[in-house]
Number of protein chains: 2
Amino acid sequence: MSGHSLLIASIEKHLSLNTQEQHRILLAFTTQYIKKKEFFLRAGEVCKQVAFVLNGCMRSYAVDEQGFEHNLQFAPEGWWITDMNSIIHGTAARLNIDAIEDTQALLLSRDQQEGLLKEVPKLERFFRIISEKSMAGSHKRLIDQVSVNAQTRYLNFCDQYPGLIQRLPQKQIASYIGVTPEFLSKIKAELLRRKD
Amino acid sequence: MSGHSLLIASIEKHLSLNTQEQHRILLAFTTQYIKKKEFFLRAGEVCKQVAFVLNGCMRSYAVDEQGFEHNLQFAPEGWWITDMNSIIHGTAARLNIDAIEDTQALLLSRDQQEGLLKEVPKLERFFRIISEKSMAGSHKRLIDQVSVNAQTRYLNFCDQYPGLIQRLPQKQIASYIGVTPEFLSKIKAELLRRKD
DNA sequence: GAAATTTCTTAATCTACATTAATGGAAAGG
DNA sequence: CCTTTCCATTAATGTAGATTAAGAAATTTC
């Protein structure tokens, strides 16, 4: 499947598009290649675009006063990623977004999105639905973060994203579940010991 | 301002409505009064509605294995509240939603919302925008939770919701920022000591 | 394919916050 | 109005997870 049809397929899960509409949609996006460790967005900039990942993987993360990184989201193929706070309020991004693997993504600027929505209004529905889903995901994450301990968070992560466990360095996962790499190592050792 | 016009005003921040559309919108909602400590949603049920608060205040919270409550959101007048995960996936709610003060709210079921959106399609845009905002809010909260300590989270809360600080019992705020009431008490004592 | 860099693991020590317990004060409710 | 329940505070003790350090393994780079 070509990257473009990944996007179209993802939209057509929620509504159907004729050929003309498909073309109009693709016109609004630009393609970008982002090498591992390169940035899509740096904290402090104003975020102007959302990215739809075609292949590879990006992540968003915040940096605290002591310089430690905290991963908020991973975006492998088929996922959207952006700094929503920055994009909708026009304020400086608090998030960095970079590539964990060499990545190909489709970018949609807010201006292009506005134009696209004017010409294909039924896409409002699509963007509403994916916003609701993102919000549900973010809520789920927050509940997990505040109501269970680190070991359970790790098990939940393995459960929900089995593909990513294989694929990502452990330190990235540690940063996502909110512990140090050292402590994640301990958790894994503990889990292994229990199994035997 | 009547409750209904609070809702209409809130929509008209994003798009304009004629009288007919306003009436059609109000038709989709039902009014409910919820007394302090009564539930709008219990964990385990499937959530079917979103609530728009006209006056009073509701909160959503998760309960952990040990029975402790963790507040996720407060919804005073003009705010929306629901369990988005339950409503969009049709799964059992993980959240409880109850009233912290006697509350009057407008309820919109998913079915009613679908009908409304069919007849007034431009509302797709409104719901997209508020979903994006909720998602931005939820992201902000998550960043705060993982990247700063409890004292800073408390100060940030005071900053962002000065009205709620006056209005809510401290234990509700403690539960929101993710500490025990005892520790919040300590934080406040510490802050007072520093001021003098 | 050797050197450099990054990642993972183990272990000792430390700390932010939780737990428990006890007291006084404020609401709530009949 | 009195009683009951809830709420805020302080203080002693406990613990999940952080920090620091250091070596082993894996990956990247030239």
Side-chain angles (χ1 to χ4, degrees), chain A residues 35-38 56-57 59 61 63-71 74 98-102 144-158 164-196, chain B residues 35-38 56-57 59 61 63-71 98-102 144-158 164-195:
Chain A
K35 286 228 166 108
K36 192 171 168 170
K37 293 192 185 183
E38 281 180 358
C57 187
R59 64 163 178 154
Y61 64 97
V63 178
D64 67 26
E65 321 81 81
Q66 293 142 84
F68 291 109
E69 298 178 358
H70 304 273
N71 288 348
F74 296 119
D98 67 9
I100 310 187
E101 302 170 358
D102 292 352
D144 213 54
Q145 196 65 37
V146 300
S147 65
V148 307
N149 67 15
Q151 177 173 307
T152 309
R153 291 204 300 278
Y154 174 67
L155 292 172
N156 290 349
F157 186 94
C158 294
L164 292 180
I165 286 283
Q166 323 286 0
R167 193 166 159 183
L168 300 180
Q170 243 135 251
K171 65 175 290 202
Q172 295 296 346
I173 290 158
S175 168
Y176 182 93
I177 67 173
V179 296
T180 56
E182 291 83 0
F183 193 66
L184 179 51
S185 209
K186 214 163 157 180
I187 288 173
K188 290 183 65 186
E190 167 71 17
L191 287 172
L192 276 180
R193 210 171 323 123
R194 284 210 185 163
K195 256 191 191 166
D196 310 327
Chain B
K35 287 229 166 108
K36 190 169 169 172
K37 293 193 184 180
E38 281 180 359
C57 188
R59 64 163 180 155
Y61 63 97
V63 178
D64 66 27
E65 321 81 78
Q66 292 143 84
F68 292 109
E69 298 178 357
H70 304 274
N71 288 349
D98 67 8
I100 310 187
E101 302 170 357
D102 291 353
D144 213 52
Q145 196 65 37
V146 300
S147 64
V148 307
N149 67 13
Q151 178 173 306
T152 310
R153 291 203 300 279
Y154 175 67
L155 291 171
N156 290 349
F157 186 93
C158 294
L164 292 181
I165 286 283
Q166 323 286 2
R167 195 167 159 183
L168 300 179
Q170 234 115 51
K171 64 175 294 203
Q172 296 296 346
I173 290 158
S175 168
Y176 182 95
I177 67 174
V179 295
T180 57
E182 291 82 0
F183 194 66
L184 179 52
S185 211
K186 215 163 158 181
I187 288 173
K188 289 184 65 187
E190 168 70 16
L191 287 171
L192 276 181
R193 210 173 319 121
R194 283 209 184 162
K195 257 193 191 166

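Values below: every heavy atom of this structure, side chains too, minus hydrogens, waters and symmetry copies. Below, chain A is the first sequence line, B the second, and so on; all start at residue 1.
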Position toward the 5' end of DNA chain C (nearest nucleotide), B/V179 or A/L168: A/L168
N-O pairing of A/R193 and A/E190 below 4.0 Å: yes
Under 4.0 angstrom between B/S185 side-chain N/O and D/dA8 OP1 or OP2: no
Whole-Å gap separating C1' (D/dG17) and CD1 (A/I187): 9 Å
Among C/dC17, C/dC8, D/dC7, the nucleotide that comes nearest once only the side chain of B/K171 is considered: D/dC7
Length of the line joining A/E190:CD and C/dT9:P, which is rounded to integer Å: 14 Å
Distance, rounded to the nearest Å, where B/Q151 contributes CD and C/dC17 contributes C1': 13 Å
side-chain N/O A/K186 vs D/dA18 OP1/OP2, d < 4.0 Å: no
Candidate nucleotides D/dT28, D/dA18, C/dT10, ranked by approach to the side chain of A/K36 - the nearest: D/dT28
Distance-minimising heavy-atom pair for A/K35 and A/A99: O-CB, 3.6 Å
First of B/P181 and A/F183 reached from the 5' end of DNA chain D, by closest nucleotide: B/P181
Presence of B/T180 side-chain N/O under 4.0 Å of C/dC17 phosphate oxygens OP1/OP2: no
Atom-to-atom span, CD of A/E69 to C1' of C/dT7 - whole angstrom: 14 Å
Where A/L191 and A/Q151 come nearest, the two heavy atoms and their spacing: CD2-NE2, 3.6 Å
Listed nucleotide nearest any side-chain atom of A/E182, set D/dT10, C/dT10, C/dT7: C/dT10
Geometric class of the A/F74/A/F157 ring pair [parallel <30°, tilted 30-60°, perpendicular >60°]: perpendicular
From C/dT6, D/dA18, C/dC17, nucleotide with atom closest to A/K37 side chain: C/dT6
Nearest-angstrom distance from the residue atom CG of B/L184 to P of C/dT19: 15 Å
A/Q172 side-chain N/O to C/dT7 phosphate OP1/OP2 under 4.0 Å: no
Length of the line joining B/I173:CD1 and D/dA8:P, which is rounded to integer Å: 9 Å
Residues A/E69, A/K171: salt bridge by 4.0 Å N-O rule: no
Separation of atom CD1 in B/I100 from atom P in D/dC7, rounded to whole Å: 11 Å
Rounded interatomic separation in angstrom, taking NZ from A/K188 and P from C/dA11: 16 Å
OP1 or OP2 of D/dT9 under 4.0 Å from side-chain N/O of B/Q170: yes
